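Shown next, in structure tokens, is the structure this report addresses.
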Amino acid sequence: MIAPDPFRLDGRRALITGASRGIGRAIAESYAQAGARLALAARTATNLDNIACQLREHGAEVHTFGADLRDPEAPTRLVEQAAKALGGLDIVVNNAGDGGHDGLTLDAYRRMLHVNLRAPVLIIQAARPFLLESDAPVVINVSSVSAKLGGAEPYGPLKAALSSYTVGLAREWGKDGIRVVAIAPGVIETDMTAGYTSEPWWTDNLPERVALGRNGRVEEIAGVARFLASDAAAYITGAVIPVDGGWVHQY
Amino acid sequence: MPVLDRFRLDDRRAFVTGASRGIGRAIALALAEAGADVAVAARDEARLNALATEIEILGRRAHVVPLDLANLESIEPAIDAAANALGGLDLLVNNAGVTYRAGFGIEDPAEFDRMFDVNLGAVLFASQAARPHLAAAGGGVIVNIGSIAGTKGTGLYGASKQGVHALTRGFSREFANDSIRVVALAPGQVFTDMGARVRANPDEMNTLLHHTAQGRVADPAEIASAVVYLASPAAAFVTGTTIAIDGGRDFFARR
């Protein structure tokens, strides 16, 4: 007799934002592979057609939703639609984010405040009644190594805010059995980072910045996201897990 | 130079946000006492006028800046005008902050926006606006008032303050070329109007004191003296960091 595999997500109902590409898409694939039922969101629903088709071909249940997370009404609406389609929610992955490498402008600040922080909070808030009904509820926020590095642009500070929020909410919701965790990816090769991940100023310095001396791949975030969503991580909450190849430089 | 002279701020020109009350008011007076001229910014012009008189009694110049820090567009013109009035700028203290009623949630998106705009957005844009003035003065200092609430993780207020700690680190790198230091303080509970709600709640207060090694709240002057240090040449090699001034906030503080 062998106990059920605690890394499986069979039947778990997961909402993943920013799922059309990059890290979000990889998380969707890994959850589908683990047996989860999926509600995927992106700004434009048709951008999810490709990933939805691919996952359905492998037998996964996938619902897709368009949600512009800059709109203050959109996050709550998305959660309600997703919970209705799946008959509840067990896993919420706040992955959607605006990388905004356009400097410190009022527009960039406001957009990032809304997409990178307000939307996750609204989604978490709307998901609470569904998570309370779940047998294995978990919220996973995708933060960033930038939360520690900071920045003179809004991105890093807002990721730091999301990490701080994650820790506090884990304490607040622990008594309800809801786990709240964050992943802090380092530099992962995606569309968001494509502007610099193969540029010499970045690659030449990789060995001194990152212990493993290379950029990360989206699957390397997705694996951790799958672990954190599963029963294998049942005693992990309030943790911000660095998945960054080791930003352990001496200087 | 004798060590205590290195803590002086003679003839420095400072801009302090949220100066009408509490920590900001204490900071403005401490800076003046240490020798600085001070532009004091806040919404409450009557209180600022009274503070300006106190600064002048200390023998320094004061410049009153009626300013709502939630109005992010108005920050740069206000800093430019203050620099003009004081003949330059050597020090920016981003102190203005507001509490947040809804804890971990969002009841009103406009309330959320306003809190983040004052606590985080205003620090970003004031720092950006002050940079050319500090650079023109041959270098300068930005002191941000964060919070131990950010380090510990306590809802959206704490989240906004953790954002301040992160931007302190980022700006310290970006501004170093202009000889500008950027530092933050993370106060624990301070005896101010802003903390009145917590002090009025015996349960919350007991828990707080239980988790503070010194078992008391701070006087605003205890934050202000750290600002004087960080702003002064005595702290010339300090940048990018956040210093906790919290009486020893610790989960196992008192048993």
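In what follows, chains are A, B, ... by sequence order, proteins preceding strands, each numbered from 1. Since we're looking at a predicted model, the values are computed, not measured.
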To check you understand the geometry: which heavy-atom pair defines the closest contact between [X] and [Y], and what is its length?
X: B:Gly105; Y: A:Gln125; result: CA-OE1, 3.0 Å
X: B:Gln162; Y: A:Ala160; result: CG-O, 3.5 Å
X: A:Pro157; Y: B:Ala166; result: CA-CB, 3.9 Å
X: A:Leu169; Y: B:Phe104; result: N-CE2, 3.2 Å
X: B:Arg169; Y: A:Leu149; result: CG-O, 3.1 Å

Revision key, fill the gap. Per-residue tally against chain B (heavy atom, under 4.5 Å) across A:Gly156, A:Ser163, A:Pro154, A:Gly150 peaks at A:Gly150

Practice item. Find the one option among A:Leu162, A:Leu122, A:Ile124, A:Val167 whose heavy-atom pairs under 4.5 Å with chain B are most numerous. Key: A:Leu122

[X] side, atom [atom1]; [Y] side, atom [atom2] - distance, nearest 0.5 Å:
X: B:Ile106; Y: A:Thr76; atom1: CD1; atom2: OG1; answer: 8.5 Å
X: A:Arg171; Y: B:Thr154; atom1: CZ; atom2: OG1; answer: 7.0 Å
X: A:Leu106; Y: B:Glu76; atom1: CG; atom2: CD; answer: 11.0 Å

Check your understanding: Who among B:Leu72, B:Val123, B:Asp117, B:Val164 has the most heavy-atom pairs with chain A under 4.5 Å?
Key -> B:Asp117

Review point. In this structure, are over 12 heavy atoms from other groups packed under 6.0 Å from A:Arg43 atom CZ?
Key: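 No, because the 6.0 Å sphere around CZ of A:Arg43 holds 12 heavy atoms or fewer from other groups.
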
Practice item. Check whether more than 12 heavy atoms from other residues, nucleotides or ligands sit under 6.0 Å from atom CG of A:Asp135, and answer yes or no. Key: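 No, not enclosed.
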
Practice item. Mind telling me whether A:Tyr109 and B:Phe125 have parallel, tilted or perpendicular rings, with 30° and 60° as the class edges? Key: perpendicular

Review point. Tell me, do B:Phe116 and A:Leu117 make a side-chain contact under 4.5 Å, heavy atoms counted?
Key: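 Yes, side chains in contact.
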
Practice item. Select all residues of residues 186-204 of chain B having any heavy atom within less than 4.5 Å of some heavy atom of chain A, and report them by number, or 'none'. Key: none

Practice item. Go through the atoms of A:Lys159 and report whether side chain, backbone, both or neither lie under 4.5 Å from a heavy atom of chain B. Key: neither

Point to revise | Which atoms of B:Lys161 approach chain A - backbone, side chain, both or neither, heavy atom under 4.5 Å | key: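 No part of B:Lys161 comes within 4.5 Å of chain A.
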
